[in-house]
Amino acid sequence: MNQVLKYLGVIILLIGVAVLAIPDFSGQASNSALLTGLILIVVGYVSHIFLSKRFE
């Protein structure tokens, strides 16, 4: 269980990248999709730092 929690930030980060990539490939990028992707990437990055230190 700790291994999954240790990499939860990376999983959130990859979901954020997918949220940014899907509208780009479909050609219908909107501000809400871009903002959602940005928020997920920032949250994933920060949570990866904190969770990797906590479960070290």
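Treat the numbers as computed from the prediction; the structure is a model and nothing was measured. The chain is numbered in sequence order, starting from 1.
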Same hydrophobic cluster for I49 and V43, using side-chain heavy-atom links shorter than 4.5 Å among ILVMFWY? no
Nearest 0.5 Å, please: how far is CG in L8 from CZ in F55? 9.5 Å
Result of checking L34, I41, V42 against L38 for side chain to side chain contact (heavy atoms under 4.5 Å, CB included): V42
Identify all side-chain donor-acceptor contacts of residues 13-28 below 3.5 Å with residues at least two apart in sequence or on another chain.
| unit_1 | atom_1 | unit_2 | atom_2 | d |
| --- | --- | --- | --- | --- |
| S26 | OG | I22 | O | 3.3 |
| S26 | OG | P23 | O | 3.1 |

Check for me, please, whether I12 and L51 land in the same ILVMFWY cluster - side-chain distances under 4.5 Å, paths through other members count. yes
Can you list every side chain to side chain donor-acceptor pair (under 3.5 Å) pair that touches residues 29-41, not counting sequence neighbours? S30-S32
Does any pair with a residue in residues 45-54 pass side chain to side chain donor-acceptor pair (under 3.5 Å), and if so which ones, sequence neighbours excluded? none
